[in-house]
Amino acid sequence: INAEYMGTLSECLFFFVFDFRMILGHAFTDFLTKCILVFFGYKSYQAIDTDSWKDDGHWLTFWLMYSFLQFFEFWLDYILDRFPFYYELKLVLLLWMGLFGGATQIYDMIGKKAIKSTEAFSKDMYAKANENPQMKKVVDQAMNMKRKVVVPGQASK
C-alpha cells in the first residue's frame with residue numbers, strides 16, 4: 001500500500017469519525033423539532049380547554065423547561081454543535097419531556113432549585129439597586145417613561 005493512499009484513507013477516516021456528527025442531518029432534525037413543537041403547542045391548546053389542571057401543569061412545566069433549554073442552547077450553541085448526535089439527542093429529549101413526563105422530572109430535580117436561587121439572587125440585586133441613589137434615579141426615570149407609553153386601545157393616563 002503506497003503512502004499517498006494511506007494518507008487519503010486516514011483523512012477519510014478522520015472526517016468520518018470526527019465530522020460525522022449526526023445521522024439525520026441538521027436540517028431534517030430541525031424540521032422534526034419544529035413539527036414536534038407545533039404538535040406540543042396544539043396539545044397545550046387542548047389542555048387549556050379541559051377542566052383538568054393536571055394537563056395544564058404538565059404543559060406549563062414542559063414550556064418552562066423548554067425555555068431553559070433554549071436559553072442555554074443559545075449561549076452554548078457553538079460548543080453543543082460539536083457534540084456527535086446532539087440534534088438527535090435534543091429531539092429525543094423533547095419527546096421525553098413532552099410525552100413521557102420528563103419535563104416534570106427535570107423540574108423536580110433541577111428546575112425548582114434553579115428558579116428559587118435565581119429568584120433570591122434577583123431580589124437581592126433589586127434591594128441593592130434600590131439602596132444606590134443613581135440606580136434608584138434610573139429606575140424612577142424608566143417607570144416615568146413607562147407611564148407615558150400609550151397602549152393602543154387604552155386611554156392614556
Query raised in the report: Checking side chain to side chain contact (heavy atoms under 4.5 Å, CB included) for the pair Phe121/Thr118: CA distance, chi angles, key distance, verdict?
Result: CA-CA 5 Å; Phe121 175 75; Thr118 304; 5.5 Å; no
Report task. Determine, using the 4.5 Å side-chain heavy-atom cutoff (strictly less than), whether Phe100 and Ile106 are members of one ILVMFWY cluster. Result -> yes
Report task. Working to the nearest 0.5 Å, report the span between CG of Asp108 and NZ of Lys113. Result -> 9.5 Å
Query raised in the report: Would Leu93 and Tyr66 count as a side chain to side chain contact (heavy atoms under 4.5 Å, CB included) if you check the C-alpha gap in whole Å, the side-chain angles of each, and the deciding distance to 0.1 Å?
Result: CA-CA 10 Å; Leu93 176 69; Tyr66 176 72; over 6 Å; no
Query raised in the report: Just wondering, are more than 12 heavy atoms of other shown residues or ligands nearer than 6.0 Å to CD in Gln70?
Result: yes
Requested in this report: Indicate, with yes or no, if Leu95 and Phe39 share a hydrophobic cluster defined by side-chain heavy-atom contacts under 4.5 Å among Ile, Leu, Val, Met, Phe, Trp and Tyr.
Outcome: yes
Query raised in the report: Would a distance-only check, ignoring hydrogens and angles, find a side-chain to backbone donor-acceptor pair under 3.5 Å from His58 to Ser44?
Result: no
Query - Least distance between heavy atoms, Leu99 atom then Phe40 atom - result: CD2-CE2, 3.7 Å
**Report entry** Criterion side chain to side chain contact (heavy atoms under 4.5 Å, CB included) on Leu64 and Leu60, from CA distance to verdict
**Finding:** CA-CA 6 Å; Leu64 179 65; Leu60 181 61; 5.7 Å; no
Query raised in the report: Roughly how far, to the nearest 0.5 Å, is NZ of Lys90 from CE of Met97?
Result: 10.0 Å
Requested in this report: Establish whether Ile115 and Phe62 are linked, either directly or via other cluster members, by ILVMFWY side-chain heavy-atom contacts under 4.5 Å.
Outcome: yes
Query raised in the report: Leu89, Ile36: one ILVMFWY side-chain cluster at the under-4.5 Å cut-off?
Result: no
Report task. Using a cut-off of 6.0 Å, state whether more than 12 heavy atoms not belonging to Met145 lie near its atom CE. Result -> no
Query raised in the report: If every non-hydrogen atom of Trp59 is compared with every non-hydrogen atom of Ala47, which pair is closest and at what distance?
Result: CD1-CB, 3.7 Å
Query raised in the report: Would Leu76 and Tyr86 show up in the same hydrophobic cluster when neighbours are defined by side-chain heavy atoms closer than 4.5 Å?
Result: yes
Report summary line: Looking only at heavy atoms, the pair that brings Ile48 and Asp56 closest together is N-OD1, 3.6 Å
Report task. I would like to know whether Asp124 and Lys128 meet side chain to side chain contact (heavy atoms under 4.5 Å, CB included); could you show each step before the answer? Result -> CA-CA 6 Å; Asp124 184 46; Lys128 286 181 181 177; 3.6 Å; yes
**Report entry** Note: Asp140-Lys136 ion pair, threshold 4.0 Å (strictly below)
**Finding:** no
Report task. Mind listing the closest non-hydrogen atom pair of Leu80 and Glu73 along with its distance? Result -> CD1-CA, 4.1 Å
